[in-house]
2 protein chains.
Amino acid sequence: MKSAPALPDAYEAIFTALAHPARRRILISLNFAGGAMSAGQIAGLFGHAWPTTTRHLQLLEAAGLIEHRREGRTRLYRLHAPRLALARDWLAWFERDPATAEEKDDGTGPAPVPIEHRSRQS
Amino acid sequence: MKSAPALPDAYEAIFTALAHPARRRILISLNFAGGAMSAGQIAGLFGHAWPTTTRHLQLLEAAGLIEHRREGRTRLYRLHAPRLALARDWLAWFERDPATAEEKDDGTGPAPVPIEHRSRQS
DNA sequence: GGATTATTTAGCCTATTCGCTAAATAACGC
DNA sequence: GCGTTATTTAGCGAATAGGCTAAATAATCC
């Protein structure tokens, strides 16, 4: 998490990370694994070269979606679900009528949206 | 919708679309507009050149997230929320314990995940 | 009908992504 | 200590993304 970008850059990092099928598969596999998977195990999911997987893992970690710890020469990766929840929450805005969404503002749902408006778009 | 990619390519298109801040802003603005916005109105949200906005709109439309109709020389764009729901549902998998998720399979939630596993990853 | 307006298309350019192979680094086992 | 194994780093190259300006196309207005 220490390298995860601050909002709203986080959205860009997260959605970018989710945009590649290999990276989605990594997330799915980590989720199903429940605990952690080694880099080698993850690399074994794919037919492509291991360094390619390393690249993907680095990007997922930079986005804050996964994290790793070392155990000897093995690197164990695991999911960081709160980051995924960020994306989910952002998307949750679109299942509500904007008028009712404002009435139901509980301080958690609408947070992503105004911050996005204030991003460097000028 | 007629040009929207089939699953699981849809995920790539959708998350890619969401990865750029300008495109997220377009979606947010369309959502708040409630009905539709013209290309010019959308372009007016940004300081960048109008053709850049056109590019973003084309990508959003290819991903099935928005659609347009013509009214004379004006092009009106509107949100296609079911596509966003796809992404949300995919992400919804990560808020559940995998074991309980299988027990609660109602035919809507888990659909994105197995299809992803069958994608061309070999 | 010509000028104005709405919008896209075409093409250029720079930066980034994502695949690869080779090399490097470190841990492990005998 | 040396060979093996786990993993990343470095660098290359092709493809793509995303910005731009100029030009094109079509609708609208006077």
Side-chain angles (χ1 to χ4, degrees), chain A residues 3 5 8-9 11-27 29-30 33 36-63 65-78 119-122, chain B residues 3 5 8-9 11-27 29-30 33 36-63 65-78 119-122:
Chain A
S3 60
D9 293 331
Y11 292 118
E12 185 165 347
I14 294 167
F15 288 125
T16 298
L18 296 173
H20 194 284
R23 296 198 286 270
R24 287 199 299 283
R25 191 169 177 196
I26 290 170
L27 293 174
S29 301
L30 286 175
M37 289 176 76
S38 70
Q41 284 174 322
I42 295 167
L45 296 172
F46 309 103
H48 57 238
W50 194 333
T52 302
T53 300
T54 302
R55 275 262 175 83
H56 288 311
L57 290 170
Q58 286 169 346
L59 198 142
L60 285 167
E61 193 155 13
L65 295 170
I66 63 171
E67 52 203 6
H68 81 270
R69 69 175 194 271
R70 287 202 76 86
E71 276 190 8
R73 67 188 180 181
T74 303
R75 210 177 243 209
L76 293 171
Y77 289 87
R78 67 172 181 275
S119 67
R120 24 135 207 165
Q121 294 295 322
S122 56
Chain B
S3 61
D9 293 332
Y11 292 119
E12 185 165 345
I14 293 167
F15 287 127
T16 299
L18 294 174
H20 194 284
R23 295 198 286 272
R24 289 200 298 285
R25 190 168 177 197
I26 290 169
L27 294 174
S29 301
L30 287 174
M37 289 176 74
S38 70
Q41 284 174 324
I42 295 167
L45 297 173
F46 309 102
H48 57 238
W50 194 332
T52 301
T53 300
T54 303
R55 275 262 174 83
H56 287 312
L57 291 170
Q58 286 169 346
L59 198 142
L60 285 168
E61 193 155 14
L65 294 170
I66 62 171
E67 52 204 7
H68 81 269
R69 69 175 194 272
R70 288 200 75 88
E71 278 191 9
R73 67 190 179 180
T74 302
R75 209 177 243 209
L76 294 171
Y77 289 88
R78 68 172 181 273
S119 67
R120 41 181 178 120
Q121 294 293 322
S122 57

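Note that these values count all heavy atoms, side chains included, but never hydrogens, waters or copies made by symmetry. Every chain is numbered from 1, with letters handed out A, B, ... down the list of sequences.
The aromatic rings of B/F15 and A/F15 lie parallel to each other, with less than 30° between the two planes, well short of the 60° mark.
We find that CZ of B/F15 is positioned 17 Å from P of D/dA17, with the value rounded to whole Å. For B/E71 and C/dA6, the CD to C1' distance is 13 Å, given to the nearest whole Å. Separating the CZ atom of B/R73 from the C1' atom of C/dA3 is a distance of 11 Å, rounded to the nearest angstrom. The interatomic distance linking B/M37 (CE) with C/dA6 (P) rounds to 15 Å, in whole Å. Distance CZ (A/F46) to P (C/dC20): 12 Å, rounded to an integer number of Å. One can place CD of B/Q58 at 13 Å from P of D/dG19, the figure rounded to the nearest angstrom. Distance, A/H48 NE2 to D/dT8 C1': 14 Å, rounded to whole Å. Between B/L57 atom CG and D/dG19 atom P there is a gap of 12 Å when expressed in whole angstrom units.
For the pair A/E67 and A/R69, the salt-bridge criterion is not met [side-chain N within less than 4.0 Å of a carboxylate O].
Of the two residues near DNA chain C, A/R23 and A/W50, the one whose nearest nucleotide lies more 5' is A/R23. Projected onto DNA chain C by closest heavy-atom contact, A/L59 and B/Y77 fall at different nucleotides, the more 5' of which corresponds to B/Y77.
For D/dA27, the OP1/OP2 oxygens have no side-chain nitrogen or oxygen of B/R75 closer than 4.0 Å. Within the structure, every side-chain polar atom (N or O) of B/H68 is placed at least 4.0 Å from both OP1 and OP2 of C/dT7. Taking side-chain N and O atoms only, A/H56 has no distance below 4.0 Å to OP1 or OP2 of C/dT17.
With hydrogens and angles disregarded, a donor-acceptor distance shorter than 3.5 Å links the side chain of B/E61 to the backbone of B/H68.
Nearest nucleotide to the B/P51 side chain, out of C/dA6, C/dC18, C/dA10: C/dA10.
A pairwise comparison of heavy atoms in A/A17 and A/L60 identifies CB-CD2, 3.9 Å as the closest pair.
As judged by a 4.0 angstrom heavy-atom cut-off over every strand, A/A49 is placed among the base-contacting residues. Across all strands, B/T16 comes closer than 4.0 Å to no nucleic acid atom at all (heavy-atom distances). Within 4.0 Å (heavy atoms only), A/T54 reaches at least one base atom of the nucleic acid. Residue contacts for B/T52: at a heavy-atom cut-off of 4.0 Å it reaches a base atom on one of the strands shown.
The cationic group of A/R24 does not satisfy the cation-pi geometry with B/Y11, failing either the under 6.0 Å distance to the six-membered ring centre or the 45° limit from the ring axis.
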